[in-house]
Amino acid sequence: MEKSALQIARAAYQPKLPAGLRGNVSIKEGNATESVGDQEDIKKLFPNTYGMPLVEFVPSDEKKEYAPMNIGIILSGGQAPGGHNVICGLYDELKKQNAANKLYGFLMGPGGLVDHKYIELTDALIDEYRNTGGFDLIGSGRTKLEEEAQFESGLEIIRELGIKAVVIIGGDDSNTNACVLAEYYAAHNYGVQVIGCPKTIDGDLKNDQIETSFGFDTACKTYAEVIGNIQRDANSARKYWHFIKLMGRSASHIALECALQCQPNVCIVSEEVEEKNQTLDDIVTYIADIVARRAANGNNFGTVLIPEGLIEFIPAMKKLIAELNDLLATPEAAAVAAAEQRAWILSKLSADNAAIYASLPEGVAKQLTMERDPHGNVQVSLIETEKLLSEMVAVKLEAWKAEGKFNGKFAAQHHFFGYEGRCAAPSNYDADYCYALGASAAQLVANGKTGYMAIVKNTTAPAEQWIAGGVPITMMMNMERRHGKMKPVIKKALVRLDGAPFKEFAAHREDWAVNTRFVYPGPIQYFGPSEVCDQCTMTLKLEQA
Ligand code: FBP
């Protein structure tokens with residue numbers, strides 16, 4: 001593989017490890033834990049993996065002997081910067097423990113375990129991928145690992161390769177499934193351990209034990225760089241409003257972090273829209289009002305950040321989507337010809353939902369009916385909310401013009417930033433964090449743990465002071481209704497309106513709306529002074545302050 005000069009220099013970067021993982025390591029165990037909710041139900045469902053203690057890795061004077069072992073690793077779900085460094089950290093720690101240890105990578109996600117597709121990871125392969133973005137070393141996939149037949153099929157290859165533990169790198173759903181798998185193998189006394197690792201650019205896998213999911217830092221910094229560039233362009237030409245949709249399937253953490261970094265004129269936060277029971281028209285009026293006020297000052301330009309998941313947080317749209325989900329799942333739906341679909345849907349929807357559906361621009365209405373993902377979710381990344389909002393703002397401004405309430409100009413440009421950030425070369429934060437997560441995972445396995453997630457805490461301090469360890473996955477679970485059934489799941493972390501990051505944003509948004517307070521954060525820096533290269537996200541700083 002040919003490499004750029006930056007890639008070559010970056011490959012030599014040695015990620016910083018917490019003191020507890022540097023030399024000889026010993027394990028410190030805390031007290032028994034409880035799940036965050038529904039303790040009785042979770043305990044019943046996970047009798048073998050419930051109640052285990054939190055663990056921490058601390059430096060030790062004693063050199064331990066480690067028996068040889070083989071580990072399998074899986075990347076699950078959307079790409080997130082730093083995934084390769086989790087693998088590298090795990091690999092290096094394994095080899096440090098015993099040179100005979102082996103690491104197998106299952107290919108293209110959890111499906112690789114079920115279908116017995118794997119490669120052995122070697123020094124040469126690992127060295128090729130150090131500090132790189134992407135998941136291309138072994139690939140990723142969205143196959144859900146949740147059926148016994150899959151667990152048993154996985155066991156066959158686990159036995160064949162003499163694997164002691166499987167490490168699953170994924171988001172809340174994948175880690176919930178990792179815990180179900182750990183419980184299943186423990187209940188059957190198969191002697192196979194399962195360890196999870198917190199990944200997702202969306203930043204919604206976090207709680208008292210997990211400070212952040214990896215990839216959020218780099219993805220946000222990448223988007224903030226381009227948003228900053230767009231803002232500078234907007235401020236130079238002074239003729240466009242830029243509507244920028246940002247990834248985040250559900251939670252608005254990415255949009256909020258980018259707003260904190262760039263100070264745009266508008267940032268919509270889905271969780272606030274839901275909390276205030278806002279309609280699509282409320283959101284459009286809010287944006288149009290800011291456009292009009294800026295126009296009154298002669299500023300016919302600006303930026304609007306829109307979280308990808310917004311549509312599902314508008315209460316009326318949520319109801320429409322729920323009815324569409326049921327309708328599209330019927331056999332009758334499959335038989336309707338594409339050209340007839342709109343009329344058929346309008347004839348079947350309840351009156352309220354039909355009225356909303358009919359009011360949407362046809363393109364967006366069509367996007368709402370597109371194929372669901374394997375978890376049954378609307379694929380929000382395919383819905384052009386940025387165009388929907390700008391078109392509706394334009395219509396409102398025309399009406400205001402007629403009433404003499406707006407006499408400026410409105411021309412919109414549209415952007416969607418998501419995929420461009422998911423495989424960026426990890427920032428120092430993500431490179432270090434991921435490497436430490438991988439090393440922690442190896443330690444959890446060596447210490448016989450199963451049903452744990454690797455964690456690293458205190459990450460706003462210098463890396464040497466970070467605290468590595470593990471959290472029992474059951475500790476983060478509660479029961480939630482999913483597709484009509486109560487299921488044990490890791491609680492998803494949405495933006496909290498009483499949280500420090502949102503409060504900081506809310507305290508400034510009126511000023512940022514009318515005045516031009518753009519910040520241009522510039523590109524991620526990999527080499528240079530620590531205060532430039534080693535900063536974490538503003539979200540993390542504010543939350544941990
Ligand atoms: P994960 O939760 O699996 O990390 O993926 C998150 C995400 O990047 C969302 O932000 C986005 O909506 C979705 O993946 C896109 O999925 P896909 O890659 O399948 O198009």
Side-chain angles (χ1 to χ4, degrees), residues 74-84 86 108-111 133-136 138-146 168-178 196-207 210 212-224 244-258 269-271 305-313 321 367-368 370-386 415-424 426 430 433-434 437 453 476 482 489-495 537 539:
I74 297 171
L75 292 166
S76 179
Q79 286 70 252
H84 288 152
V86 178
M108 302 310 293
F135 280 4
D136 44 325
I138 54 173
S140 184
R142 291 199 184 273
T143 303
K144 281 162 74 177
L145 211 51
E146 57 177 6
I168 300 178
I169 302 175
D172 50 342
D173 285 336
S174 304
N175 276 287
T176 297
N177 293 342
C197 191
K199 170 234 72 168
T200 176
I201 60 159
D202 291 2
D204 55 10
L205 175 50
K206 65 177 167 184
N207 48 45
I210 300 171
T212 185
S213 54
F214 79 74
F216 176 69
D217 185 272
T218 310
C220 288
K221 285 172 180 163
T222 306
Y223 306 140
I244 305 167
K245 183 174 78 165
L246 290 157
M247 259 194 185
R249 227 212 71 73
S250 225
S252 310
H253 297 294
I254 294 179
L256 181 58
E257 171 65 23
C258 290
V269 174
S270 307
E271 291 82 345
L305 305 189
I306 303 153
E308 180 187 52
L310 175 65
I311 208 91
E312 287 190 295
F313 281 77
I321 289 170
Q367 285 158 12
L368 285 181
M370 282 185 302
E371 207 186 318
R372 275 34 184 169
D373 77 2
H375 297 265
N377 301 313
V378 174
Q379 299 194 55
V380 283
S381 61
L382 302 179
I383 299 175
E384 294 174 316
T385 338
E386 68 284 20
H415 315 267
F416 168 36
F417 298 141
Y419 298 100
E420 6 332 58
R422 295 203 311 188
C423 285
D430 271 329
Y433 183 51
C434 289
L437 284 171
M453 207 189 292
M476 300 178 284
R482 295 276 169 98
V489 292
I490 298 174
K491 225 171 148 38
K492 202 184 260 307
L494 299 180
V495 168
T537 57
T539 300

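Atoms considered below: every heavy atom in the structure, side chains included; atoms not considered: hydrogens, waters and symmetry mates. Numbering of ligands and ligand atoms starts at 1, following listing order.
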Novice: Is there a side-chain contact between Phe135 and Cys423 in this structure, where contact means two heavy atoms from C-beta onward sitting under 4.5 Å apart?
Specialist: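 Counting from C-beta outward, Phe135 and Cys423 never come under 4.5 Å.
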Novice: Hey, is the main chain of Gly215 close enough, under 3.5 Å, to the side chain of Asp430 for a donor-acceptor pair?
Specialist: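 Side chain of Asp430 to backbone of Gly215, a donor-acceptor pair under 3.5 Å: yes, one is there.
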Novice: Donor-acceptor pair, distance only, cut-off 3.5 Å: does the side chain of Glu386 make one with the backbone of Ile306?
Specialist: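 No, because the side chain of Glu386 does not come within donor-acceptor range (under 3.5 Å) of the backbone of Ile306.
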Novice: Are the side chain of Lys245 and the backbone N or O of Ile383 linked by a donor-acceptor pair below 3.5 Å?
Specialist: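 Yes, Lys245 side chain to Ile383 backbone: donor-acceptor pair under 3.5 Å.
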Novice: Identify all pairs of nitrogen or oxygen atoms, one from ligand 1 and one from the protein, separated by less than 3.5 Å, and list them with distances.
Specialist:
residue  : atom   : partner : partner atom : Å
ligand 1 : 2 (O)  : Thr200  : OG1          : 3.3
ligand 1 : 3 (O)  : Gly78   : N            : 2.8
ligand 1 : 3 (O)  : Arg142  : NH1          : 2.9
ligand 1 : 3 (O)  : Lys199  : NZ           : 3.3
ligand 1 : 4 (O)  : Lys199  : NZ           : 3.1
ligand 1 : 4 (O)  : Thr200  : OG1          : 3.0
ligand 1 : 5 (O)  : Arg142  : NH2          : 3.3
ligand 1 : 8 (O)  : Arg422  : NH1          : 2.9
ligand 1 : 10 (O) : Asp202  : OD1          : 2.7
ligand 1 : 10 (O) : Asp202  : OD2          : 3.4
ligand 1 : 10 (O) : Gly248  : N            : 3.3
ligand 1 : 12 (O) : Glu308  : OE1          : 2.8
ligand 1 : 12 (O) : Glu308  : OE2          : 3.3
ligand 1 : 14 (O) : Arg142  : NH2          : 2.9
ligand 1 : 14 (O) : Arg422  : NH1          : 3.2
ligand 1 : 16 (O) : Arg142  : NH2          : 3.0
ligand 1 : 18 (O) : Arg422  : NH1          : 3.0
ligand 1 : 18 (O) : Arg422  : NH2          : 2.9
ligand 1 : 19 (O) : Arg142  : NE           : 3.1
ligand 1 : 20 (O) : Tyr419  : OH           : 2.6

Novice: Hey, can you tell me if Phe417 and Tyr223 have their rings parallel, tilted or perpendicular (30° and 60° cut-offs)?
Specialist: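 The arrangement is parallel - the two ring planes meet at less than 30°.
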Novice: Please determine if Arg249 and Asp202 form a salt bridge, counting it only when a charged side-chain N lies under 4.0 Å from a carboxylate O.
Specialist: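 Answer for the salt bridge query: no.
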